[in-house]
Amino acid sequence: MNPNRRRFLKGASIAGLTTISGVALTGTTTAASYTIDSDLRQTVGISGSQLDSAVNSISPGSPLVGLGDTWIDVQNTRNINAVYMAAHAALESAWGRSNIAQEKNNIYGFDARDICPAECADGYASFEQCVHEVMAYVDQEYLSPDGTYYEGSTLRGMNVHYATDDRWAEKIASIMNDIAAELPSGGGGGGDGGFADGEQVTPTTNLNTREQPGTSQPIVATISPGEVGEIMNGPTEKGGYTWWGVHWLDRNVWGWSVERYLDSA
């Protein structure tokens with residue numbers, strides 16, 4: 001399997017997960033593929049311990065190690081990319097070692113304004129509380145279309161209002177790539193469930209494939225039994241189902257399908 005094709009599905013935005021034909025996918029052969037335009041609603045199929053291990057590999061002894069399960073929990077409940085949450089914390093807290101992180105448990109620099117970073121920064125009872133409260137705000141105000149500061153569910157969109165540093169988005173994307181490079185299958189989580197990257201599958205019934213994981217997401221196509229697809233990403237848990245990113249070969253359609261209706265071809 002061409003690894004670039006798998007990275008494309010992982011990093012593509014909602015607008016890009018429809019039928020693809022004649023597109024040359026470029027890039028290096030490294031696992032990382034996040035950019036400032038990657039969809040932060042795109043979840044990853046990894047465990048908390050895997051995320052902790054990746055953080056520790058990059059910053060040994062980081063106080064952020066141990067938050068993996070919290071980031072995965074928030075990912076599952078709020079549909080926010082766990083790698084992004086870890087990278088955002090790493091940037092704002094110097095991998096958990098900043099004074100604000102140590103004194104106020106504030107790992108996202110929340111309300112740490114330029115004129116009063118330490119004094120104005122919010123305080124939290126724990127790192128875990130900080131993750132839950134700040135990401136609830138990010139979810140509602142930055143990543144939701146009806147949010148006050150919504151400019152798209154990407155780092156570029158967040159950077160418009162979230163940070164005064166115009167390179168904030170680029171810095172977080174870079175850290176996301178560093179973390180992804182330490183994760184199994186480059187952060188996509190492939191191989192942790194019922195299928196492996198590159199495995200060919202076919203539906204057991206007429207099966208909808210969707211732009212993103214989730215039954216509320218737009219349908220790209222309905223695939224019939226006997227049609228063959230190639231596993232490109234996943235697994236991702238969403239709405240009580242396990243989802244896999246599949247390239248349906250006969251139609252050259254890319255999308256997400258529920259595991260329970262897939263079988264090895």
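Please read all numbers here as calculations on a predicted model, not as lab measurements. Any value given below was found using the heavy atoms of this structure, including those in side chains, with hydrogens, waters and symmetry copies removed.
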If you define the side chain from C-beta out and look only at heavy atoms, does anything of [X] sit under 4.5 Å from [Y]?
X: P225; Y: T204; answer: no
X: Y142; Y: Y162; answer: yes
X: I107; Y: E92; answer: no
X: Y124; Y: E133; answer: yes
X: V138; Y: R78; answer: no
X: M176; Y: L155; answer: yes
X: T148; Y: Q140; answer: no
X: L262; Y: F195; answer: yes

Where do L91 and W168 land on the side-chain contact (heavy atoms from CB on, under 4.5 Å) test, with the steps shown first? CA-CA 9 Å; L91 176 67; W168 177 88; 3.8 Å; yes
Please check if any side-chain donor atom of [X] sits under 3.5 Å from a side-chain acceptor atom of [Y], or the reverse.
X: T70; Y: E128; value: no
X: E227; Y: T202; value: no
X: R97; Y: S59; value: yes
X: E199; Y: W244; value: no
X: T242; Y: E237; value: yes
X: T209; Y: S257; value: yes

[Y] backbone acceptor or donor facing [X] side chain under 3.5 Å:
X: N159; Y: A169; result: yes
X: S93; Y: A89; result: yes
X: S144; Y: D146; result: no
X: Q75; Y: V44; result: yes
X: T222; Y: L207; result: no
X: N56; Y: G61; result: yes
X: D52; Y: G66; result: yes
X: T77; Y: D73; result: yes
X: N106; Y: I100; result: no
X: N233; Y: G245; result: no

Measure across [X] and [Y] and return the closest heavy-atom pair with its distance rounded to 0.1 Å.
X: R210; Y: G214; result: CD-O, 3.1 Å
X: W243; Y: T215; result: CZ2-N, 3.7 Å
X: V228; Y: D250; result: N-OD2, 3.8 Å
X: S153; Y: D39; result: OG-OD1, 2.8 Å
X: Q102; Y: P63; result: NE2-CG, 3.8 Å
X: A86; Y: I179; result: CB-CD1, 3.9 Å

Please report the C-alpha distance between T35 and N177 in whole Å, then the side-chain angles of each, then the deciding distance to 0.1 Å, and finally whether the side-chain contact (heavy atoms from CB on, under 4.5 Å) criterion is met. CA-CA 8 Å; T35 74; N177 286 326; over 6 Å; no
To the nearest 0.5 Å, what is the distance between [atom1] ([X]) and [atom2] ([Y])?
X: E230; Y: W248; atom1: CD; atom2: CH2; answer: 11.5 Å
X: I175; Y: E170; atom1: CD1; atom2: CD; answer: 12.5 Å
X: Q212; Y: W256; atom1: CD; atom2: CH2; answer: 7.5 Å
X: F127; Y: L64; atom1: CZ; atom2: CG; answer: 6.0 Å
X: K238; Y: T236; atom1: NZ; atom2: OG1; answer: 10.5 Å
X: E103; Y: S98; atom1: CD; atom2: OG; answer: 8.5 Å

Linked, directly or transitively: [X] and [Y] (ILVMFWY side chains, under 4.5 Å):
X: I58; Y: V65; result: yes
X: Y261; Y: I223; result: yes
X: Y149; Y: L40; result: yes
X: Y137; Y: M85; result: yes

Given the rule in the side-chain contact (heavy atoms from CB on, under 4.5 Å) test, do W254 and V246 qualify, once you have shown the distances and angles that lead to the verdict? CA-CA 6 Å; W254 306 66; V246 184; over 6 Å; no
Candidate list D139, N81, T154, test side chain to side chain donor-acceptor pair (under 3.5 Å), partner R41, passing option: D139
Can you run down the ring pair (Phe, Tyr, Trp, His ring centres under 6.0 Å) pairs that involve residues 65-84, sequence neighbours left out, and say none if there aren't any? Y84-H88
